[in-house]
Amino acid sequence: MTNLAYEATEQELMDQFIQRIEAGDKIEADDWMPEEYRTALIKLISMHGISEIMGAFPEKEWVPKAPSLHRKLGIMAKVQDEMGHGQLLLRVAEDLLKPYGKNRGDLMTDLFNGDLKFHNVFHMETKTWADAGLIGWLVDGAAIITQTNMLAASYGPYARALQRICAEEVFHAQHGEAIIMALAEGTDEQKQMVQDALNRWWPALLMFFGPPSSATTGSSKQDVTIKYKIRLSTNEELRQHYFTKYIPRILSLGLTIPDPTIHFDESQKLWIYRQPNWDDFKQIIKNKGPRSQERLNLRRTSYQNNAWVREALSTKAE
Ligand SMILES: [Fe+2]
Ligand SMILES: [Fe+2]
């Protein structure tokens with residue numbers, strides 16, 4: 001009898017939750033939410049947060065080597081912003097983790113153990129200054145597309161954090177575009193440097209949006225985030241949007257897309273393109289990318305070196 005009453009209450013809560021989401025209400029940290037929703041949010045937001053932090057590393061490498069003081073200040077500010085985005089998002093994730101008795105420190109342990117993945121693009125090498133510019137222009141450009149797609153997310157704390165983050169990402173994309181435009185208008189060597197960077201980064205940029213749903217197995221994770229109105233579009237829809245926005249811009253700089261098959265098919269209203277190697281993608285996000293271990297080691301060292309700050313902050317005033 002008691003069990004039946006409990007089941008009915010759960011169902012009512014679920015119905016109310018779905019009604020709120022359908023009505024465009026925001027769900028807050030202390031509100032009732034189904035387990036599936038909470039775990040999807042934790043996975044998404046903790047991966048996003050940790051990727052912001054790991055994403056600062058490829059550009060950080062170029063702070064001492066930036067070609068002018070102006071560029072150095074620009075890239076330093078961007079690196080600082082990305083670390084801030086990471087902190088903001090890990091706080092949002094931490095609130096969701098409370099029922100499991102976990103905190104941000106546990107997320108960092110998960111990262112070091114390989115249980116928490118970071119974004120495929122941040123495992124890659126930044127070989128030249130053009131790579132640093134290209135990250136700002138095309139990686140932050142891709143991030144703007146995926147993140148603006150979640151500005152109306154049903155989870156209020158994430159949607160609000162994204163408002164601020166997206167505003168700053170626009171500056172990042174402009175910073176990257178300015179670097180790339182200067183190189184594209186420069187010497188033959190500088191133009192080649194940009195083309196080489198594009199050739200190196202193209203597969204990683206395609207992978208940024210994740211596999212199309214047909215390439216995923218079992219129940220699609222993307223479907224859960226769409227079902228609960230955390231995001232609006234599928235991986236493939238976002239990738240198509242990216243092509244429409246950026247391919248004309250890339251071509252207008254006199255660059256060549258390193259895929260001779262890419263074209264817009266008018267009848268299907270779709271970009272047709274060569275798929276990246278999704279087996280490579282799986283390896284990269286398992287921390288087997290070109291710079292995965294080096295960057296994880298850097299994060300581990302800095303986490304250990306800063307332990308005293310966390311201890312000082314957690315000490316209660318007497
Ligand atoms: Fe960011
Ligand atoms: Fe950014």
Side-chain angles (χ1 to χ4, degrees), residues 41 43-63 66 70-94 104 107-108 111 116-126 129-153 155 157-181 197-198 201 204-210 230-231 238-239 241-242 245-246 249-250 285 291 295 298-299 302:
L41 283 172
K43 193 171 168 72
L44 174 76
I45 301 168
S46 56
M47 193 227 174
H48 183 178
I50 212 72
S51 297
E52 295 276 359
I53 291 172
M54 298 306 286
F57 289 163
E59 288 168 290
K60 170 189 171 292
E61 292 165 17
W62 279 91
V63 171
H70 170 73
R71 294 294 190 207
K72 192 188 288 280
L73 289 171
I75 200 160
M76 266 172 66
K78 181 180 188 299
V79 166
Q80 194 175 355
D81 283 355
E82 306 298 14
M83 297 304 273
H85 296 169
Q87 296 304 328
L88 206 61
L89 291 165
L90 292 186
R91 282 193 181 278
V92 174
E94 192 168 49
R104 277 189 296 165
L107 289 178
M108 214 50 82
L111 170 75
L116 174 57
K117 311 258 183 286
F118 63 101
H119 220 292
N120 73 289
V121 279
F122 304 127
H123 295 256
M124 307 311 285
E125 185 185 8
T126 26
W129 175 243
D131 295 61
L134 198 106
I135 293 175
W137 185 36
L138 295 182
V139 173
D140 287 63
I144 289 169
I145 287 182
T146 55
Q147 290 168 25
T148 51
N149 196 256
M150 297 187 288
L151 279 175
Y155 188 59
Y158 190 42
R160 290 190 291 272
L162 286 175
Q163 294 282 347
R164 172 176 167 180
I165 292 171
C166 285
E168 291 183 351
E169 297 300 353
V170 173
F171 285 115
H172 299 172
Q174 288 169 349
H175 146 94
E177 189 176 27
I179 294 172
I180 293 299
M181 281 176 73
L198 182 64
W201 281 81
L205 292 168
L206 298 183
M207 291 172 188
F208 182 94
F209 299 92
I230 298 166
R231 67 167 167 165
L238 294 169
R239 189 165 25 240
H241 179 185
Y242 183 69
K245 184 172 175 186
Y246 281 98
R249 297 184 188 194
I250 293 170
I285 59 168
R291 287 288 179 274
R295 296 201 177 121
L298 192 60
R299 180 93 282 272
S302 107

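In each ligand, atom 1 is the first atom listed, and ligand 1 is the first ligand listed. Atom set for the values below is all heavy atoms of this structure, side chains included, hydrogens, waters and symmetry mates excluded.
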Checklist entry - Taking the inter-plane angle between the rings of F208 and H119 on a 0 to 90° scale, is it parallel (under 30°), tilted (30 to 60°) or perpendicular (over 60°)? => result parallel
Next on the checklist: Checking the side chain of H123 only, and the main-chain atoms of F118 only, is there a donor and an acceptor separated by less than 3.5 Å?
Outcome noted: yes
Checklist entry - Is a side-chain N or O of R295 found less than 3.5 angstrom from the main chain of F57, in a donor-acceptor match? => result no
Checklist entry - NE2 of H85 to CG of L162: how many Å apart, nearest 0.5 Å? => result 10.0 Å
Checklist entry - Residues two or more places apart in sequence or in another chain: which of them pass side chain to side chain donor-acceptor pair (under 3.5 Å) with Q87? => result R104
Checklist outcome for this item: Counting only protein N, O or S atoms and ignoring waters, those under 2.8 Å from the Fe ion (ligand 1) are E52 OE1, E82 OE1, H85 ND1, E169 OE2
Next on the checklist: Set out, in order, the CA-CA distance, both residues' side-chain angles and the distance that settles side-chain contact (heavy atoms from CB on, under 4.5 Å) for Y242 and L206, then state yes or no.
Outcome noted: CA-CA 9 Å; Y242 183 69; L206 298 183; over 6 Å; no
